[in-house]
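Beneath this line is the structure, given in structure tokens, with notes to follow.
In this text, all values refer to a predicted model and were calculated from it rather than measured experimentally. Every chain is numbered from 1 and lettered A, B, ... according to where its sequence line falls, protein lines coming before strand lines.
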Amino acid sequence: MTRAAKRAAHAPSAADKFARRVLAVVTRIPPGRVCTYGDVAAMAGAPGAARAVGNVLAQARLAGVPYHRVIAAAGRLGGYSDLSTKRALLAAEGLDVTRAAVRRFEQVRWPGRRPR
DNA sequence: CCGATGACCACCT
DNA sequence: CAGGTGGCCATCG
């Protein structure tokens, strides 16, 4: 189809672009590792937009994206459609999860923060 | 353009 | 350690 038609079909809004970048980053987080909303924001090219990242994840419905690997600062769990599920998923990946946080957070944080 | 919203964040009580 | 406060940011109406 023509370029004009293509653009008319689905014009890539600025909003979608931001969301795409955020989801792209989240998809790269390996199992057993986690990132904070702030980390994702920075990696997505929008340092300081941690809150905006939360908004994206809260709306995203794409499959194959490990949303549960994105937690709040200091290893606290943060939000999720169902917190008990988030805990279960993280625990299933070998993480030590307490009522409201991931233990040894700095050691499972991704990308590696030069441990030791 | 402005104000409201939210899966945040740092800081202070 | 539980709450409250002010600030930040992208989106949406």
Gap between atoms [atom1] and [atom2], on [X] and [N] respectively (whole Å):
X: A/N55; N: C/dA10; atom1: CG; atom2: P; value: 11 Å
X: A/L83; N: B/dA7; atom1: CG; atom2: P; value: 11 Å
X: A/F18; N: B/dG6; atom1: CZ; atom2: P; value: 17 Å
X: A/L23; N: B/dA7; atom1: CG; atom2: C1'; value: 13 Å
X: A/M43; N: B/dC8; atom1: CE; atom2: C1'; value: 15 Å
X: A/R51; N: C/dC12; atom1: CZ; atom2: C1'; value: 15 Å
X: A/D16; N: C/dA10; atom1: CG; atom2: C1'; value: 12 Å
X: A/L57; N: C/dT11; atom1: CG; atom2: P; value: 13 Å

* Asked: Under 4.0 Å between a side-chain N/O of A/R99 and OP1 or OP2 of C/dA2, yes or no?
  ->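 Indeed, a polar side-chain atom of A/R99 lies that close.
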Can you give me the closest heavy-atom contact between [X] and [Y], atom names plus distance?
X: A/A41; Y: A/A49; result: CB-C, 3.6 Å
X: A/R87; Y: A/R99; result: NH1-O, 2.9 Å
X: A/R69; Y: A/R33; result: CD-O, 3.5 Å

With a 4.0 Å cut-off on heavy atoms, is [X] in touch with a base, just the backbone sugar-phosphate, or nothing at all?
X: A/A58; result: base
X: A/A14; result: sugar-phosphate
X: A/A49; result: sugar-phosphate

Would you indicate which nucleotide in [options] comes nearest to any side-chain atom of [X]?
X: A/K86; options: B/dA7, C/dA10, B/dC9; answer: B/dA7
X: A/A73; options: B/dA7, C/dT11, B/dC9; answer: B/dC9
X: A/A52; options: C/dA10, B/dA7, C/dT11; answer: C/dA10

* Measuring from A/R28:CZ to A/C35:SG, what's the distance to the nearest 0.5 Å? -> 9.0 Å
* Asked: Considering only heavy atoms and no angle criterion, is a donor-acceptor pair shorter than 3.5 Å present between the side chain of A/Y37 and the base of B/dA7?
  ->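 Indeed, a donor on one side and an acceptor on the other fall under 3.5 Å apart.
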* Do A/D39 and A/V25 have side chains that get closer than 4.5 Å, going by heavy atoms? -> no
